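What follows is a short report on a single structure.
What you are looking at is a predicted structure, and each value in this text was computed from that prediction instead of being measured.
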Amino acid sequence: GEIVRISTGWQQAQHEAFVSLFAERGGVPVMPVVAAGTAPEGDAFLVLDADAQPLASLAPEQIDDRAIEELWLAFERLGRLGVAMGRVDGHGLFVRADGSAALGEFADATVAAERSMVLADKAQLLVVTALAVGRGRAVPIAARTVGNEALEEALPYLQHAALDPEVWHAVKARDWSLEELRVMAEQETGSAPKELEELRRVTWGSILKLALIGLVAYALFSAISNIGIDTIIAEIQSASKGWLVAALLLTPLAQVPQRS
């Protein structure tokens with residue numbers, strides 16, 4: 001099967017393809033980008049090769065513990081690569097037909113992420129998996145997969161400011177709160193309650209964003225004439241990891257939780 005993701009512009013599609021391929025090179029299970037193009041209306045799109053369904057579309061009984069474990073391991077590997085997804089929700093996390101997990105949403109991701117950003121990703125993952133399979137399954141799976149210490153480290157970021165608005169609204173519709181989820185995780189890990197980190201959302205200007213991504217494209221592909229996004233994908237699939245790191249370091253952040 002195939003999944004088509006619509007981006008607001010060519011630059012965003014390019015950025016998402018960069019990060020996805022970089023993560024894949026680093027051993028993270030991702031939904032492969034197989035094609036791209038521009039719609040008549042001007043929107044760019046990416047086509048992901050996938051026989052998979054978004055986590056948010058599945059009932060709890062359709063999601064094996066294995067899939068949740070693999071999501072945590074994927075986020076652990078992302079963190080070691082220095083990648084933060086920025087926005088984590090049930091529509092960007094996938095379960096394949098064989099029950100394995102994969103990531104498929106890198107529009108707001110960045111490389112060389114601060115530690116706080118990586119931890120905020122993990123806090124979001126705990127919330128999203130709790131929404132998908134229930135707190136009673138999500139918390140123990142997280143603790144046994146990444147360890148009590150790693151899960152405990154993310155708990156101060158388990159708060160409204162770290163969540164995508166859609167995820168926050170989903171939490172408010174449940175019969176449990178973020179505080180109750182945090183307390184359950186503290187009990188699971190045997191950790192003492194910690195003060196929440198003070199987070200804020202930062203949005204960089206669109207002009208700077210376009211300028212920096214344009215510089216990346218020029219630096220990497222100046223030798224290619226009549227370049228299109230399909231050509232870019234083909235090129236970065238064969239590019240060295242070092243070039244991808246250099247390119248991604250120049251791309252700006254869309255939404256980044258940081259300490260005030």
Option from V133, V128, L73, V95 for which side chain to side chain contact (heavy atoms under 4.5 Å, CB included) with I68 holds
V133

Same cluster or not: are M184 and I141 linked, directly or through other Ile, Leu, Val, Met, Phe, Trp or Tyr residues, by side-chain heavy atoms under 4.5 angstrom apart?
yes

May I ask you to test the F18-V111 pair for a side-chain heavy-atom distance under 4.5 Å?
no

Taking atom CD as the centre, does E61 end up with more than 12 heavy-atom neighbours from other residues, nucleotides or ligands that are less than 6.0 angstrom away?
yes

Locate the shortest heavy-atom distance separating M117 from A84; write the atom from each residue and the value.
CB-CB, 3.8 Å

Main-chain N/O of A101 paired to E70 side chain as donor or acceptor, under 3.5 Å:
yes

Under-4.0 Å salt bridge between D65 and R137:
yes

Pairwise distance CG(L155) to CG(L196) - rounded to 0.5 angstrom
9.5 Å

Is a donor on one side and an acceptor on the other found under 3.5 Å between the side chain of S57 and the backbone of P54?
yes

Measuring from L103:CG to E24:CD, what's the distance to the nearest 0.5 Å?
11.0 Å

Return the minimal non-hydrogen interatomic distance between A102 and L71, and the atom names on each side.
O-CD2, 4.3 Å

If you define the side chain from C-beta out and look only at heavy atoms, does anything of V171 sit under 4.5 Å from W176?
yes

If you apply the rule side-chain contact (heavy atoms from CB on, under 4.5 Å), what do you find for R66 with S100, and how did you get there?
CA-CA 7 Å; R66 167 196 170 192; S100 62; 3.2 Å; yes

Is there side-chain contact between E105 and H91, with at least one heavy-atom pair below 4.5 Å?
no

Under 3.5 Å donor-acceptor, R182 side chain and P156 backbone
no

A59 backbone acceptor or donor facing Q62 side chain under 3.5 Å:
yes

So, taking the atom named CD in E152 and the one named CD in E188, what distance separates them when rounded to the nearest 0.5 Å?
12.5 Å

Show the nearest heavy-atom pair for residues R174 and L131, with the distance to one decimal.
NH2-O, 3.1 Å

Non-hydrogen side-chain atoms of R96 and Q53 separated by less than 4.5 Å:
no

Calculate, to the nearest 0.5 Å, the distance between atoms CZ and CE belonging to F106 and M31 respectively.
10.5 Å

Using a 3.5 Å distance criterion without hydrogens, assess whether the side chain of S177 forms a donor-acceptor pair with backbone atoms of E180.
yes

Does a side-chain N-to-carboxylate-O contact under 4.0 Å join R115 and E153?
yes

Please name the pair of heavy atoms, one in D164 and one in Q124, separated by the smallest distance, quoted to 0.1 Å.
N-OE1, 4.0 Å

Side chains of L151 and L126 in contact at under 4.5 Å (non-hydrogen atoms):
yes

Please tell me if the side chains of L93 and L125 come closer than 4.5 Å, counting only heavy atoms from C-beta onward.
yes

Side-chain heavy atoms of V28 within contact of F75, under 4.5 Å:
no

Ignoring hydrogens, what is the shortest heavy-atom contact between N148 and A143? Give both atom names and the distance.
OD1-CB, 3.6 Å

Taking all atoms of both residues into account, what is the closest heavy-atom pair of V88 and V167, and its distance?
O-CG2, 3.7 Å

Report the distance from atom CE of M85 to atom OG1 of T110, rounding to the nearest 0.5 Å.
12.5 Å

Is any side-chain heavy atom of L58 closer than 4.5 Å to one of F94?
no

Using side-chain hydrogen bond (donor to acceptor under 3.5 Å, both in side chains) as the criterion, list what pairs up with E186, not counting sequence neighbours.
none

Any pair with a residue in residues 118-129 that passes salt bridge (charged side-chain N to carboxylate O under 4.0 Å, His left out), sequence neighbours left out, goes on the list, sorted by first then second residue, please.
E76-K122

Hphob cluster co-occupancy, V118 + V83, side-chain heavy atoms under 4.5 angstrom
no

Starting at CG of L163, measure out to CG of D89 and round the result to the nearest 0.5 Å.
10.5 Å

